[in-house]
Amino acid sequence: MSGKNQTVLGLILMIALFPQSASAMHIMEGYLPPLWCVSWGAASIPFIVMGLFSIQKTVNLNPKVKIILAMAGAYTFALSALKIPSVTGSCSHPTGAGLGAMVFGPLAMTVIGLIVLVFQALLLGHGGLTTLGANMFSMAIVGPFVAYGLFKLVRKLSGPLWLAVFLGASCSNFFTYVVTSFQLGLAYPSPSGGIFGSVAKFLGVFSFTQIPLAISEGIITIVVFNVIKTY
Amino acid sequence: MTDNILETKELLFVYTDKTKALENVNIKIKRSQTTAILGGNGAGKSTLFLCFNGILKPVGGTILYNGQPLDYSHNGLKHLRRKVGIVFQDPDNQLFSASVYKDISFGLMNMKLEEKDIRQKVDIAMDRTGISHLKDRPTHSLSFGQKKRVAIAGVLAMEPEVLILDEPTAGLDPCGVSEIMKLLKNAQKELGITCVLSTHDIDIVPLYCDYTYVLSNGNVKVEGTTDQVFSNKDALRKMNLRLPRVGHLIEILNNKDGFEFSENDETAVTIAKARRAIINWRDRNGK
Amino acid sequence: MTDNILETKELLFVYTDKTKALENVNIKIKRSQTTAILGGNGAGKSTLFLCFNGILKPVGGTILYNGQPLDYSHNGLKHLRRKVGIVFQDPDNQLFSASVYKDISFGLMNMKLEEKDIRQKVDIAMDRTGISHLKDRPTHSLSFGQKKRVAIAGVLAMEPEVLILDEPTAGLDPCGVSEIMKLLKNAQKELGITCVLSTHDIDIVPLYCDYTYVLSNGNVKVEGTTDQVFSNKDALRKMNLRLPRVGHLIEILNNKDGFEFSENDETAVTIAKARRAIINWRDRNGK
Amino acid sequence: MINIDKYAYNSKLKKVSVIRKLLFSLFALGICIWADSIAISVFIALIMILVTYKKGEVPLGFILKLMLVPFVFLLMSTLAITIEITRPENLSERMFILSGSIAGLQIGATIEGIKDALNIFFKALGTISCLYFLSLSTPMLELMAVLRKLKVPKLLIELMGLTYRFIFILLETAENIFVSQRARLGYEGLSSGFRSVKILFSSLFIRSFKRSDEIYRSLEARGYDGELNFLEEEIRFCCKDVINPAMFAFLMVLLTLSLKE
């Protein structure tokens, strides 16, 4: 391996261990061309509308749900805002969307996810306003639906609960990363490899932080889920 | 209009896990007075308060508000909660809006008043609790004492007839305690509100409360005017409570050191009364 | 081995929003004594405590532990936190494991001791705090007073040299207060631990503390032996604090009612001392 | 706790109408993305940072530190855009200025790629400074008032308001637990660190659940039955609050066009 490659590898490793990788999967403000900002936003709107209707329906039955959902959003946000020392930093920032979807259902989670993303953008600088639609689609729509679908599937096949929770949570995180890579690839196709070449590049670069993150999200979600169960 | 604004008769409350939180509780809250409910941790004070406000529905017995049994219908509860306000111990559990102003207006909005009236009432409540300058501050930037005041303002704004306070002085420094208690006393004087409060701070009870109940294990163990209750020293000690320290001093002087205070004076528990007791003793003994 | 187990020199701590939490703070904590840090809400007590434990790093000045400046390296902090334990005000923030036993063992596990040792130390700590019967209970089912004990046990188990207690008696009923304080006194006597505590409950300070600092706005305003501090009445009042009520009574009798206590007696602040003051006065006046 | 929030409430720009601040930042943001030019991006970034620092009196150091927040994303994704991977036979068409080969593939950076990456890098920098200008000068409560004015569904705004309040309650709890874990050596080493994180997350979850119970109870005590109604404070603004940002936008558009000529 040439010296240049070593530097590149070192750089990548340094980034992988960088404590702020929490925000790494949020597409930052200004990163997407206008067309894509609008498209992803438009794609997300129907889900939000459906989510709001489904929440309103449960709230009418039980007014307490409003408080609980807001608390769930605050919980998800709090996890991303906590500054935990760098030793464990690279493996301690779950998105929480998977857990929420398994508890409250994916439709409710789209709305909660939107709220969390808005606050993350404005209060923490994770993500942005123009990229809200794209981030929403990957984190608050695809993530929760994948989590919920896998969770139900494993349970239906009478798999153990821990496996359902683990797969749900880690895959929700994993697919968020895949979708984000696609979003970036679509916006910035590679001159030589086209869209797919570009997607592959993004998948490759982000895998250094996102794959360990997906696994640790799975593990931590199992722990939290066990706590919920005993309550 | 009866003398007792709130009254419980043989109240029984059992939690879902079968623990009896209240049993055979008979309490009378006199109009426009301040009643203290004392008792150790877990004696059932909070449960009682939630019953007063209709949040918890007792399993047995009745609660009378103005001589009428509580009406647990939707409208009945709405009316009750307007008249009986609770200030909870932890203000963070009570303040749910990030804006001080909005939070105080919440109860009034639920009463469906006109906007002009609401604004006026909010302003008055803020003024009364001394928080007008916090109007534009977000709730989370306030200190504990300030949050406590906002919580009280939110309830006072609804102009309740009964104000229930769960540990109003917990977590405050001595200066904060006396400020909050003075604020409450003033509100009571001006509005004729009835106050019910629970507290661990025994020393403030003889200063601010007219009547006292002592709960233990969900039962009323001692009751009477505050003076009566504090003269029943042995009973108090059994209840995990103690005398105010001044009362303790007078008791020791009287019982151990051969000071013979008059019957009235030997149960002094406040500084003012102890002072009188000692002066009386001096005068009687010809100094 | 120096006389002062902990010492701060011109400590300065500034929060990110530029508020000075501590400024020019010089404090000496004497070995095996109990030192009280008094002060209203927001005076800087908690910040000081977190500096003692190395959680916060002061912006200026130095902290000496056993005469050595604090070592903020990884190992230095590890050592310091083992030796200087903090019991936080709200036990809910300190108890996070599922069961009492697990929670008490948390610190020991982090010290990477052998399981046998851990079990032994946990048992001793539970015994000392009188909670052995709670061993297998989940922490959330405990009463407030029990939680407080578990929190203390969790720190005691690590066998610290200095035990820092933030408002150890807040939220406890009077009986709980004296039990906790006795427990601390016993632990101190048996283990030779140095205690530092902050409290709003002024009345317990003269009973349990040897030396007292009064903080206000991040500055040490008054310091001295507890007796000295409580004789400086005007200074205390300026600090949002008050005299213990017994002290207040003696002061009024002395200044307003023409009782002329001897110089020693006029600053009595505990029941025992007030009693002696009044008896002395009686005897002097020939009764 | 959350510093951005703290600065927003203490900003000297707090008194300026929210409409003016919002339009100013959104126009600038839009132009930054539309213009697609490094010069305009840098220019807007400088304006935003200067206004936030001089007019808002937010410390410069803090603003610059915020700029580092999306640093990981920026670096990684810019890297992905810069790097080209091709078979050696396609090599002739592309000018690699920095390259190596692995497994028969040529990996490196092209001038075009670097140009693209630089452009995106500065664009992102420009837009994020618009975002920071907004969030460092405008309290969240005011932004929510604007959303209400825009007829965003009430349920969504209610949930936002509650979430915003709860965030601070939970963060305080989390920080307290975190501090007391550190005091008992909770984060010394990897295994105890991981254990502590698990405990922190799960106990925070339990606490938030209990909080919901208690908050619901206190809401009930004040007559809550499903609707959260408050007195809304009216957003006050005059024509100038719209015209001034529009003028700024117009000038920026002219500048951009003249640069493109």
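Proteins get letters first, then strands, A, B, ... in listed order; numbering begins at 1 in each. The figures here come from the full heavy-atom set of this structure, side chains too, leaving out hydrogens, waters and symmetry mates.
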Nearest-0.5 Å distance that lies between atom CD1 in Ile81(D) and atom OH in Tyr188(A):
5.5 Å

Region of Thr130(A) in contact with chain D, defined by heavy-atom distances below 4.5 Å
side chain

What are the two closest non-hydrogen atoms of Ala70(A) and Leu162(D), and how far apart are they?
CB-CB, 3.4 Å

Provide the closest heavy-atom pair for Ile220(A) versus Lys198(D) in the form atom of the first, atom of the second, distance.
CG1-CG, 4.4 Å

Just how far is it from atom OG of Ser208(D) to atom CD1 of Ile67(A), taken to the nearest 0.5 Å?
13.0 Å

What part of Val65(A) is in contact with chain D, defined as an atom under 4.5 angstrom from a non-hydrogen atom: side chain, backbone, both or neither?
neither

Separation between OH of Tyr31(A) and CG of Leu74(D), rounded to the nearest 0.5 Å
6.0 Å

Find the distance between NZ (Lys201(A)) and OG1 (Thr82(D)) and round it off to the nearest 0.5 Å.
8.0 Å

Between Asp213(D), Thr173(D), Leu26(D), which residue shows the highest count of heavy-atom pairs closer than 4.5 Å to chain A?
Asp213(D)

Where is the tightest heavy-atom contact between Phe166(D) and Met71(A), given as atom of each residue plus distance?
CD1-N, 3.6 Å

Leu159(D) side chain reached by Ile55(A) side chain, heavy atoms, under 4.5 Å:
yes

What is the minimum heavy-atom distance between Ser202(D) and Val223(A), and which atoms define it?
OG-CG1, 4.2 Å

Check Gly73(A) against Thr163(D) and note the closest heavy-atom contact, atom names and distance.
C-CG2, 3.8 Å

Chain D shares the most heavy-atom pairs under 4.5 Å, among Ser181(A), Ser198(A), Ala78(A), with Ala78(A)

So Glu29(A) and Leu29(D), side-chain contact (heavy atoms from CB on, under 4.5 Å) or not? Walk me through it.
CA-CA 9 Å; Glu29(A) 184 69 271; Leu29(D) 209 162; 3.8 Å; yes

Side chain from CB out, backbone as N, CA, C, O: work out which of these in Asp36(D) comes under 4.5 Å of a heavy atom of chain A, or both, or neither.
neither

Top residue by heavy-atom pair count (under 4.5 Å) with chain A, among Leu156(D), Leu125(D), Ile199(D), Ile215(D)?
Leu156(D)

Whatever's closer than 4.5 Å to a heavy atom in chain A on Glu227(D) counts as backbone

So which of Leu228(D), Leu143(D), Ile128(D) has the largest heavy-atom pair count under 4.5 angstrom toward chain A?
Ile128(D)

Does the side chain of Phe202(A) reach to within under 4.5 Å of the side chain of Ser77(D), using non-hydrogen atoms?
yes

Is it the side chain or the backbone of Met67(D) that comes within 4.5 Å of chain A heavy atoms, both, or neither?
neither

Check whether any side-chain heavy atom of Tyr164(D) sits under 4.5 Å from a side-chain heavy atom of Leu123(A), and report yes or no.
yes

Measure across Tyr224(D) and Pro63(A) and return the closest heavy-atom pair with its distance rounded to 0.1 Å.
OH-O, 2.8 Å

Please identify which of these residues, Leu131(D), Ile4(D), Thr138(D), Leu136(D), meets the side-chain contact (heavy atoms from CB on, under 4.5 Å) condition with Leu122(A).
Leu131(D)

In the structure I gave you, are the side-chain heavy atoms of Phe73(D) and His26(A) within less than 4.5 Å of one another anywhere?
no

If one checks every heavy atom of Arg165(D) against chain A at 4.5 Å, the contacting part turns out to be neither

Looking at Lys123(D), Glu220(D), Met140(D), which makes the most heavy-atom pairs under 4.5 Å with chain A?
Met140(D)

For the CG atom of Leu124(A) and the CG atom of Asp5(D), what is their distance to the nearest 0.5 Å?
10.0 Å

Between Cys37(A), Gly51(A), Ser190(A), Pro33(A), which has the largest tally of heavy atom pairs under 4.5 Å with chain D?
Ser190(A)

Using side-chain heavy atoms (C-beta onward) and a distance below 4.5 Å, is Leu155(D) in contact with Lys66(A)?
yes

What part of Ile219(A) lies closer than 4.5 angstrom to a heavy atom of chain D: side chain, backbone, both or neither?
side chain

Just wondering, are more than 12 heavy atoms of other shown residues or ligands nearer than 6.0 Å to NZ in Lys154(D)?
yes

Pro153(D), Ser41(D), Ala80(D): which one forms the most heavy-atom pairs within less than 4.5 Å of chain A?
Ala80(D)

Among the options Leu66(D), Leu204(D), Asp116(D), Leu134(D), pick out the one with the most heavy-atom pairs lying under 4.5 Å from chain A.
Leu204(D)

Under 4.5 Å from any heavy atom of chain A - which part of Ser25(D)
neither

Identify which part of Phe205(D) has an atom lying under 4.5 Å from any heavy atom of chain A, answering side chain, backbone, both or neither.
both

